Student: 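One structure follows; several queries about it will come next.
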Amino acid sequence: MKKLFYLSFMLFVLMCSCNNEDKNEIVNQVKDELTIYDKNGNAVAYCNYSKENETIIYLWNGKPTAYYTSERNDLIYGFNGKFLGWRESGIFYDLEGKRIGFEKDACNIITSIEPIKHVKEIKPIKSIKEIPPVRPINSLDWSTVQLDVFFLKGIEKE
């Protein structure tokens, strides 16, 4: 009982110690993040929009793996320079044009409750980008590759 009271008291003190600027910053940070789901509707990664017109993709464990910019037609690159795929209308496509992930409401799939995110790791330095291949026709089929494995290709050492 003492532990519950102590925990409640600490949460109360923490909430009271935040000023409105802190609360607004937290709210804005959450608004700037968009969850990416796998074909089963599980939250696997999320996008963090930055000021430089670039979107960083983090796995749920906080590891930055890839990025895309809206000025380059949503081409997805890993930090290792490897071209991974495309993003169109909230759907992520692999090199074969198969769906590999999606943002909420982009597909008619029920999504699971998002687990708590881990602290973001520092972004790695970007390598020189590969030239993207000719884009295949988008498919309604789903890739057999898991979404986290797809994004992890963006930080693999060659």
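What's counted below: heavy atoms across the whole structure, side chains too, no hydrogens, waters or symmetry copies. Every value quoted in this text rests on a predicted model; they were computed, and no experiment measured them.
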Student: So K120 and N48, do their side chains get closer than 4.5 Å, heavy atoms only?
Tutor: yes
Student: Quick check: does any side chain N or O of N40 sit under 3.5 Å from a backbone N or O of N42, one acting as donor and the other as acceptor?
Tutor: no
Student: Taking the six-membered ring of Y77, is NZ or CZ of K126 closer than 6.0 Å to its centre and within 45° of its axis?
Tutor: no
Student: Going by an N to O cut-off under 4.0 Å, is there a salt bridge joining R99 and E88?
Tutor: no
Student: Report, as yes or no, whether the 6.0 Å neighbourhood of atom CD on Q146 holds more than 12 heavy atoms from other residues, nucleotides or ligands.
Tutor: no
Student: The criterion is side chain to side chain contact (heavy atoms under 4.5 Å, CB included); which residues satisfy it with A43, sequence neighbours excluded?
Tutor: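 Per chain and number, A43 pairs via side chain to side chain contact (heavy atoms under 4.5 Å, CB included) with T35, Y37, W60, E114, P115.
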Student: What is the minimum heavy-atom distance between G62 and H118, and which atoms define it?
Tutor: N-CB, 4.1 Å
Student: Mind checking the CH2-CG spacing from W142 to L147? Nearest 0.5 Å is all I need.
Tutor: 8.5 Å
Student: I need the minimum non-hydrogen distance between L75 and Y68, along with the two atoms involved.
Tutor: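 Shortest heavy-atom contact: O-CB, 3.1 Å.
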Student: With rounding to the nearest 0.5 angstrom, report the CG to OG1 distance, L34 to T55.
Tutor: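 Spacing of CG (L34) from OG1 (T55) equals 9.0 Å.
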Student: Check I57 against C47 and note the closest heavy-atom contact, atom names and distance.
Tutor: CG1-SG, 4.3 Å
Student: With no hydrogens and no angle check, do the side chains of T111 and K104 hold a donor and an acceptor under 3.5 Å apart?
Tutor: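 Per modelled atom types, T111 and K104 side chains form a pair under 3.5 Å.
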Student: What are the two closest heavy atoms between K153 and K82, and how far apart are they?
Tutor: O-CD, 3.9 Å
Student: Atom OG of S143 and atom CG of L95: how far apart are they, to the nearest 0.5 Å?
Tutor: 9.5 Å
Student: If you measure from CG on D94 to CH2 on W86, what distance do you get to the nearest 0.5 Å?
Tutor: 8.5 Å
Student: Keeping T65 on the side-chain end and Y58 on the backbone end, is there a donor-acceptor pair under 3.5 Å?
Tutor: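 No; zero donor-acceptor contacts below 3.5 Å.
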Student: So L152 and L59, do their side chains get closer than 4.5 Å, heavy atoms only?
Tutor: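 Sidechains of L152 and L59: in contact.
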Student: Do you know which two heavy atoms are closest between F92 and F151, and how far apart they sit?
Tutor: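 Residues F92 and F151, closest heavy atoms: CD2-CZ, 4.2 Å.
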Student: If I compare all heavy atoms of F83 with all of I76, which pair ends up nearest, and what's the gap?
Tutor: CD1-O, 3.6 Å
Student: What I want to find out is whether E121 reaches K63 closely enough, with some N-O distance under 4.0 Å, to be called a salt bridge.
Tutor: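 Between K63 and E121 there is a salt bridge, with a charged N closer than 4.0 Å to a carboxylate O.
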Student: Can you name the ring pair (Phe, Tyr, Trp, His ring centres under 6.0 Å) partners of Y67, sequence neighbours left out?
Tutor: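 Y67 satisfies ring pair (Phe, Tyr, Trp, His ring centres under 6.0 Å) with F79 once adjacent residues are dropped.
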Student: Report yes if the side chains of I100 and V145 come closer than 4.5 Å at any heavy-atom pair, otherwise no.
Tutor: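 Sidechains of V145 and I100: in contact.
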Student: Determine, stepwise, if the pair N80 / S127 fulfils side-chain hydrogen bond (donor to acceptor under 3.5 Å, both in side chains).
Tutor: CA-CA 5 Å; N80 59 6; S127 296; over 6 Å; no
Student: Below 4.5 Å, heavy atoms only, C-beta onward: do K117 and Y46 meet side chain to side chain?
Tutor: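 In short, these two side chains touch, coming nearer than 4.5 Å.
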